[in-house]
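In what follows, a structure is listed as structure tokens, so that the remarks can point back to it.
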Amino acid sequence: MSEKEKSAGQLLKEKLLRSPKNAGSTLSEEELKAAFDYCEPYKEFISTCKTEREFIDWVIPVLEKEGFVPFEPGKKYVAGDKVYINNRNKAFMFAKIGRKPIEEGMHIAAAHIDSPRLDLKPNPLYEDQELALFKTHYYGGIKRYQWTAMPLALHGVIIRKDGTSVTVTVGEADDEPIFCVSDLLPHLAKEQSARTLGDGIKGEELNILVGSMPFRDDEVSEKVKLNIASILFEKYGIVEEDFQSAELTMVPAGKARDIGFDRGLIGAYGHDDRVCAYGELTGILASDPEYTAVACFADKEETGSDGPTGMNSKMLSYFAEDLGRPYGVPGHVILEKSKCISADVNAAVDPTFPQVHEKNNAAYLNYGIVVTKYTGSGGKYSTNDCPAEFCAEVRDILDGAKVVWQTGELGKVNEGGGGTVAKYISRLEVDTIDVGVPLLSMHAPMEVAAKIDIYMMHKASEAFYNAK
Ligand code: MN
Ligand code: MN
């Protein structure tokens with residue numbers, strides 16, 4: 001329809017009212033292809049990096065190839081310098097020094113690189129009914145029933161008393177064994193089926209099947225456990241006590257896959273939140289920043305952001321102090337001028353469960369990244385509520401770079417809620433807003449994201465880093 005043919009009402013509507021559109025319909029063929037192409041290496045990445053430590057092992061060579069070097073506190077850096085900080089192999093920051101003096105602030109993009117999973121307890125190995133199992137303590141908010149009767153892989157690291165370490169990955173290669181949590185057959189699940197869904201599988205029922213073959217010696221008890229210990233000693237040189245200084249975890253085994261006949265979606269473990277970290281990484285690499293560009297990848301978000309590698313630590317403020325010191329600029333002066341997009345996934349409307357969302361303020365797959373002014377729960381408790389001024393700036397940046405984006409709240413008022421690391425960054429006096437990729441099945445062993453939205457996280461990060 002040409003402009004002439006539009007009625008006064010149609011024209012007024014176009015001028016005054018919001019009209020969100022599915023980016024699958026509105027993007028050019030070239031942009032759609034760019035989005036789909038962008039997701040091919042992303043699938044490799046998300047299949048490879050299933051823990052925060054694996055992310056860091058992967059990202060350091062990527063950055064070093066791009067000229068990033070370890071940060072030296074107190075050194076005078078100049079525009080174009082590229083540095084990184086590895087915080088205990090679990091949290092990570094890197095920066096491109098901008099052309100503006102550091103006292104004018106930084107553009108920070110944050111994300112978290114840990115995901116919900118089943119961690120092994122410090123004394124995990126036991127035998128029961130002549131089977132060997134691992135006890136687990138789940139990490140983060142999971143619906144426990146989702147983690148039974150499915151292939152799991154063991155990932156992690158064991159640190160021996162002498163400080164030497166063993167990195168473990170079992171269950172990803174085709175010729176490797178996998179593991180699983182067994183579940184009751186429906187025929188005998190009368191009592192279990194009467195439990196609430198949340199208690200369908202209790203915390204102490206997430207036991208991992210790891211062996212069945214006895215050690216062939218009638219003089220010993222717990223033969224299956226002993227046999228597993230013997231295999232672990234042979235393969236990794238570890239004894240049972242070494243589990244006490246280990247971080248071993250069970251994650252869903254296997255690779256990310258396209259979902260749907262049209263291949264528009266990706267199913268993967270751990271989109272939350274490495275999908276945002278990945279977009280920030282590719283965004284900063286593509287950027288030519290005016291302000292010092294910082295990517296901050298935190299651990300422990302899924303358990304409350306505590307500890308030295310969580311966002312509620314001093315890592316970002318110490319970094320600002322270290323950057324400013326050679327110029328006599330206090331860290332707080334830098335932070336007060338800084339801006340942050342705190343990137344974390346948000347809930348997309350699920351056609352099977354639309355009732356938990358309020359449709360005008362919900363996020364949808366293929367409508368681009370979600371900008372969220374506030375998270376939290378109840379009467380906006382425990383949230384960074386982004387100042388309207390910074391919301392306006394971000395709108396302008398995203399629209400200027402033709403980033404497809406939408407707003408979204410995490411569900412209806414009082415339906416539940418949740419938080420992100422945004423509040424730990426904004427408390428440093430940094431203007432901070434939540435953005436992120438919408439997901440279906442968040443925190444499930446397989447989460448679903450749309451390729452268009454994944455690509456828009458990259459475009460948004462690049463635009464934010466490049467903003468004048
Ligand atoms: Mn998250
Ligand atoms: Mn999460």
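First listed ligand is number 1; within each ligand, the first listed atom is number 1.
- Nearest N, O or S atom of Asp272 to the Mn ion (ligand 1): atom OD1.
- Residue His155 is tested with Glu54, Arg53, Lys50 for a side chain to side chain donor-acceptor pair (under 3.5 Å); the sole match is Glu54.
- The Mn ion (ligand 1) has no N, O or S atom of Cys276 under 2.8 Å away, backbone or side chain.
- One finds the CZ atom of Phe464 at 6.5 Å from the SG atom of Cys340 (value rounded to the nearest 0.5 Å).
- The backbone N or O of Ala422 sits less than 3.5 Å from a side-chain atom of Ser426, completing a donor-acceptor pair.
- Using bins of under 30°, 30° to 60° and over 60° for the plane-to-plane angle, the ring pair Tyr364/Tyr367 lands in the tilted bin.
- The nearest N/O/S atom of Glu302 to the Mn ion (ligand 2) is OE2.
- The CG atom of Asn87 sits 11.5 Å away from the CD atom of Glu52 when rounded to the nearest 0.5 Å.
- No other N/O/S atom of Asp344 lies as close to the Mn ion (ligand 1) as OD1 does.
- Inclusion of His112 in the first shell of the Mn ion (ligand 2) is not supported: no N, O or S atom falls under 2.8 Å.
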